[in-house]
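Here the structure is laid out as structure tokens; the discussion comes afterwards.
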Amino acid sequence: MTSLFRLCKANEETLYCICQQGEYGLMVGCDRSECRHEWFHLQCVGLKRKPPEEVWFCPECKLQQ
């Protein structure tokens, strides 16, 4: 699976990321199907731009591999 990446407008209906806030700004999707957060704000996972890898796992899911 290829890591998903998207630019989001502010949306507070659904909470994502380790910060538990809505969609906004640049976000990246974790490729682990069991990820409890699914989407992450780049700044919350220490990224400044889209990850270069085709497959990306959030810090929590990396530990579970």
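If you're wondering where the values come from, they're calculated on a predicted model, not measured in any experiment. Values below: all heavy atoms of this structure, side chains included; hydrogens, waters and symmetry mates excluded.
Sorted pairs that involve residues 39-48 and meet salt bridge (Lys or Arg N to Asp or Glu O under 4.0 Å), not counting sequence neighbours, are lacking altogether.
Qualifying side-chain hydrogen bond (donor to acceptor under 3.5 Å, both in side chains) partners for Gln64, counting only residues two or more places apart in sequence or in other chains: Arg32. Residues passing the salt bridge (Lys or Arg N to Asp or Glu O under 4.0 Å) test with Glu38: none are found, sequence neighbours excluded. Take Leu47 and apply the side-chain contact (heavy atoms from CB on, under 4.5 Å) test, not counting sequence neighbours, and it matches Val28, Leu42, Val45, Pro51, Trp56.
The shortest non-hydrogen separation linking Tyr16 to His37 is CD2-O, 3.8 Å.
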As a quick check of understanding, evaluate side-chain contact (heavy atoms from CB on, under 4.5 Å) for Cys30 and Phe40, giving each step before the final call.
CA-CA 8 Å; Cys30 180; Phe40 297 83; 3.8 Å; yes

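Atom CE of Met27 and atom CD of Gln43 lie 9.0 Å apart (nearest 0.5 Å). Here the straight-line distance linking atom CD of Glu60 with atom CD1 of Ile18 works out to 9.0 Å at 0.5 Å rounding. Cys19 contributes atom SG, which lies 4.5 Å from atom OH of Tyr24 (distance to the nearest 0.5 angstrom). From Gln21, atom CD reaches atom OG1 of Thr14 across 13.5 Å, with rounding to the nearest 0.5 Å. Atom CZ of residue Arg36 and atom SG of residue Cys61 lie 9.0 Å apart, to the nearest 0.5 angstrom.
Side-chain atoms of His41 come within 3.5 Å of backbone N or O of Gly22 as a donor-acceptor pair.
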